[in-house]
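Heads up: the structure comes next, in structure tokens.
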Amino acid sequence: MANRLANASSAYLKSAAHQPIDWHEFGEEAFQLAREQDKPILLDIGAVWCHWCHVIDRESYDDPDIAALINRHYIAVKVDRDQRPDVDARYQQVVQSMSGQGGWPLTAFLTYDGRLIYGGTYFPPATMKTLLNRVQETYRERKNEIFKHNEVLNEENIRVLEQNQAQTQRAEAAAEEISPSALRQLCRSFTDAAITTARRSFDTRNGGFGGQPKFPHFSTLELLMARAHHDGDHAELMGIIEKTLTEMARGGMYDQIAGGFHRYSVDDHWHVPHFEKMAYDNAEALKVYAQAYRLTGIPFFREIAEGVIGWVNAQLSDQQHGGFYASQDADIDLNDDGDHFTWSPDELAEILDPGEVEVVNRYYDLSEAGDMHHAKGRNALYVSRPLTGVAHELSIPLADAEAALASAQAKMREKRRQRPMPFIDATLYVNWNGMMIAAYFEAADLLDLPDVRDFAEKSLERMLGLFYERGHKVHHATGVDGFLEDYAWLSLAALKGYQSTGNVYYLDVCRDIADLMLRDFEDAREDSRLGGFNDTANRDHALGLLNFKRKPVEDSPSSSANAVALLVLEGLHAITEDSRYSESLERGLNLLIHLHGNYGLFVSALALAAQFYEEPPLKLEITGAAHELKAAARQVFFPGKLITYVPEAPQAEVRVCVGTRCVAPARNPHDLAAQIRTLHAPSTPA
């Protein structure tokens, strides 16, 4: 018989419906039952795309003996981290503090009021049995200590979260009210420090930042592009940007056959990825590659942006109704480690002509040994050398090598369609849809892709229809109230939609969601001069560690919700001149910079918001029916650019301003470019 998770809305939870465990979702019922039966809670947090979550499910939670042990001594609670990021964030932090480990699956043993007894990540079956017995015995024998004195076993997790609140209080005390000019200087120093960290972390050999495993850090790249553009000919930053984006796109991180990016690289060369594909990674990748194309003019970056769009359109979106799915799994089963995406030389020899095999083997560096530990001979595809070098090695014209590669890729795509497809989680999460919609609007503008704009608008309309209640709330997913990241990203998507389409309704929606965000998430206590936003709404929570407030600022891995909220406030203030937005913006920047000034590479999105505050954005006001000018304005790359519309004006022109500095209106695309150059006087490179 299926357990109660058969009725869950989460694909991850439903995947455990067959297990012989009496699973509960995270909620009042489970905690009350644990209290009534005086049992500890076994908390399992994972995701449908997570390989080791599948392993622990099959090895332990499918096992009847382990299931009987859990059912006898525990209340079992399973959480989808994509559906409940608030639960995941808090328990990740306390488990990491206790064990030094974090990630998924997260395995935690809790008291019935939600405090941590013990935790870790993946445990093999024998260890799991030992832990299940030991924890329940300890709970029985030392229960009075656990609940009365809050010592030994669960003091640490409370201390960690209380430290966060104490740190916030210290930051509030240190961050006095300052003038706008002083705040601009603070923003400049903060941004300079983030860029310095990026420079020092840059891998000059392989691109990217740091060593293995290597994540893309798209927020950092966006920050570097903004600074490079502002400073003009900044050769060092441009070198970091171009090297990183080129190496990532040539590596196994990028799906060389179907497009789209995998989650991260297990090595520092970008060769072998973790093969799951996430909506949030591809949204940020699309935005950054589209911006990089406009900044550099390098056609390869446009090709990669369009490759991301092609894969998302084909696999990660509902083309009929609008909306973007959450993720694609890496694996088919436990014996699989990216087999859908990898190749053996023998397999290619069966489907390719001999000449195509020669080109492909050299271009992608295929070998009999392969790259994958679980299966000899399977290769992740990464570009090992330019096609010109391959043509030279084979003594053939470059055109012949290009034709052979194109033919081989088409055959490989067709062969891959015949393989079992890794599971796609078709859940519509508002935060990730907001990210992707905003990226689609930006790519449509920068790359002049009307079809992409149309689908972004269709998707925005669907999200607003399903998950937005005007004047009341935004949801995260079906049946789940929204978190800060849902409000921030959906409001940004609406702001981008207004700028891309000129539909004033989207600006109105952006303002309404921002107002809800200020009302329900801003830390605007009477005893606090400073702001910033909590990740959950400003109301008391009764369950576990949810009572502890968090102000997420780290990019982990996508741009932090607080940074996105500040970017929305910056845009709304520049467009509407409503002082409420600038006041909250300044409070937030002041606090968050004091609170997170030492996080370096991981606060790049906040540093971007700080840079946009320090340097006013380019504002293009399009008046009248300026169709040609509208297209030209959309394609302008200027970080923080804002487009507004006055459609009823008789004269078709674009008014060009940066802050309070304006120039004569432009009435054709050539004049528009010239007027922007007039206003863009780069400062001395930092």
Ignoring hydrogens and angles, write down the donor-acceptor pairs under 3.5 Å from the side chains of residues 561-569, residues two or more places apart or on other chains.
unit_1, atom_1, unit_2, atom_2, d
Asn562, OD1, Phe533, N, 2.8
Asn562, ND2, Phe533, O, 2.8
Asn562, ND2, Pro552, O, 3.0

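- Partners of Tyr293 according to the ring pair (Phe, Tyr, Trp, His ring centres under 6.0 Å) rule, which considers only residues two or more places apart in sequence or in another chain, do not exist here.
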Can you give me every donor-acceptor pair (side chain of residues 431-444, partner residue at least two apart or in another chain, under 3.5 Å) with its distance?
unit_1, atom_1, unit_2, atom_2, d
Asn431, ND2, Glu485, OE1, 2.7
Asn433, OD1, Phe324, N, 2.7
Asn433, ND2, Phe324, O, 2.9
Asn433, ND2, Tyr429, O, 3.0
Tyr440, OH, Asn313, OD1, 2.8
Glu442, OE1, Lys496, NZ, 3.4
Glu442, OE2, Gln291, NE2, 2.7

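- When all heavy atoms of Gly208 and Thr244 are compared, the pair lying nearest together is N-OG1, 2.9 Å.
- Within the structure, salt bridge (Lys or Arg N to Asp or Glu O under 4.0 Å) contacts touching residues 500-510 (residues at least two apart or in different chains) are Arg470-Asp508.
- Judged purely by atom type and a 3.5 angstrom limit, Ser560 has no side-chain atom pairing as donor or acceptor with the backbone of Glu554.
- Side chains of Ser317 and Phe455 form a contact here, defined as non-hydrogen atoms less than 4.5 Å apart.
- Listed by chain and number, the residues in a side chain to side chain donor-acceptor pair (under 3.5 Å) with Ser604 are Thr220 (sequence neighbours excluded).
- Here Lys641 pairs with Leu618, Leu620, Val636, Phe638, Ile643 under the side-chain contact (heavy atoms from CB on, under 4.5 Å) rule; sequence neighbours left out.
- Panel note: side chain His230, backbone Gln611; no donor-acceptor pair is recorded below 3.5 Å.
- For the pair Ala198 and Leu224, the tightest heavy-atom approach, listed with the atom from each and the gap, is CB-CD2, 4.2 Å.
- Under the salt bridge (Lys or Arg N to Asp or Glu O under 4.0 Å) criterion, the residue pairs touching residues 256-269 are Arg263-Glu276, with sequence neighbours excluded.
- Asn590 has its side chain within reach of Leu186: a pair of non-hydrogen atoms, C-beta onward, lies under 4.5 Å apart.
- Shown here for His262 and Asp281, the closest heavy-atom pair between the two residues is O-OD2, 4.5 Å.
- Taking the ring pair (Phe, Tyr, Trp, His ring centres under 6.0 Å) definition, one finds that Tyr363 meets it with nothing, sequence neighbours left out.
- A distance of 7.0 Å separates CG of Leu237 from CG of Asp231, quoted to the nearest 0.5 Å.
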*asked:* Assess the residue pair His217 and Leu221 against the criterion (side-chain contact (heavy atoms from CB on, under 4.5 Å)); give the C-alpha distance rounded to whole Å, side-chain angles, the decisive distance to 0.1 Å, and a yes or no.
replied: CA-CA 7 Å; His217 290 288; Leu221 292 166; 5.7 Å; no

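- The main-chain N or O of Ser579 is found under 3.5 Å from a side-chain atom of Ser582 such that the two form a donor-acceptor pair.
- In terms of heavy atoms, Ile575 sits closest to Leu507 at CG2-CD2, 4.1 Å.
- Residue pairs meeting the salt bridge (Lys or Arg N to Asp or Glu O under 4.0 Å) criterion with at least one member in residues 569-584, sequence neighbours excluded: Arg511-Asp578, Asp515-Arg580, Asp578-Arg580.
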Exercise answer: donor-acceptor pairs, residues 647-660 side-chain atoms, under 3.5 Å, sequence neighbours excluded:
unit_1, atom_1, unit_2, atom_2, d
Glu653, OE1, Arg667, NE, 2.9
Glu653, OE1, Arg667, NH2, 3.1
Arg655, NH1, Glu621, OE1, 2.6

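- No salt bridge links Arg184 with Glu615; every basic N to acidic carboxylate O contact stays at or beyond 4.0 Å.
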_I'd like to know whether Phe190 forms a side-chain contact (heavy atoms from CB on, under 4.5 Å) with Glu614, so could you lay out the CA-CA distance, the side-chain angles of the two residues, the decisive distance to 0.1 Å, and finally the verdict._
CA-CA 11 Å; Phe190 179 69; Glu614 179 212 349; over 6 Å; no

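- Between atom CG of residue Leu490 and atom CG of residue Leu464 there is a gap of 5.5 Å, rounded to the nearest 0.5 Å.
- Each of Phe261, Tyr264, Trp270, Phe209 was checked for a ring pair (Phe, Tyr, Trp, His ring centres under 6.0 Å) with Phe215, and the lone residue meeting it is Tyr264.
- Residue Leu585 holds its CG atom at 12.5 Å from CZ of Phe612, rounded to the nearest 0.5 Å.
- For the pair Lys214 (side chain) and Gly207 (backbone), a donor-acceptor distance under 3.5 Å is present.
- The only option from Arg199, Arg227, Arg200 that meets the salt bridge (charged side-chain N to carboxylate O under 4.0 Å, His left out) definition with Glu236 turns out to be Arg199.
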*Are Tyr382 and His269 close enough, and set up right, to give a ring-ring contact (aromatic ring centres under 6.0 Å, His included), and what steps lead you there?*
CA-CA 10 Å; Tyr382 55 87; His269 297 82; 8.9 Å; no

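- Side-chain N or O atoms of Ser491 include one that pairs as donor or acceptor with a backbone N or O of Ala488 at under 3.5 Å.
- Listed for the Arg294 side chain is a donor-acceptor partner under 3.5 Å among the backbone atoms of Leu446.
- The closest donor-acceptor contact from the side chain of Ser219 to the backbone of Ala605 lies at 3.5 Å or more, if one exists at all.
- Annotation: side chain of Asn206 is not in contact with side chain of Glu247 (no heavy-atom distance under 4.5 Å).
- Residues Lys551 and Leu591 share a closest heavy-atom pair of NZ-CD2, 3.0 Å.
- The closest donor-acceptor contact from the side chain of Gln315 to the backbone of Gly260 lies at 3.5 Å or more, if one exists at all.
- The ring-ring contact (aromatic ring centres under 6.0 Å, His included) analysis of residues 482-504, with sequence neighbours excluded, yields the pairs His476-Phe483, Tyr487-Phe521, Tyr498-Tyr645.
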*Between Glu242 and Ile298, does a side-chain contact (heavy atoms from CB on, under 4.5 Å) hold up when you go through it step by step?*
CA-CA 9 Å; Glu242 292 179 15; Ile298 295 174; 3.8 Å; yes

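- Side-chain contact check for Ile178 versus Glu586: every heavy-atom pair is 4.5 Å or farther apart.
- Separation of atoms CG (Leu223) and OG (Ser559) is listed at 10.5 Å; rounding is to 0.5 Å.
- Asp255 is linked by a side chain to side chain donor-acceptor pair (under 3.5 Å) to Lys277, Arg416, counting only residues two or more places apart in sequence or in another chain.
- Under the 4.5 Å side-chain criterion, counting only non-hydrogen atoms from C-beta, Val272 is not in contact with Ser265.
- Between atom CG of residue Asn282 and atom CD of residue Gln328 there is a gap of 10.0 Å, rounded to the nearest 0.5 Å.
- For the pair Tyr289 and Leu245, the tightest heavy-atom approach, listed with the atom from each and the gap, is OH-O, 2.6 Å.
- Gln185 has its side chain within reach of Ser189: a pair of non-hydrogen atoms, C-beta onward, lies under 4.5 Å apart.
- Rounding to the nearest 0.5 angstrom, the gap separating the CD atom in Glu306 from the CG atom in Leu286 is 10.0 Å.
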*asked:* Would Gln499 and Thr644 count as a side-chain contact (heavy atoms from CB on, under 4.5 Å) here? Give the steps.
replied: CA-CA 6 Å; Gln499 294 182 78; Thr644 62; over 6 Å; no

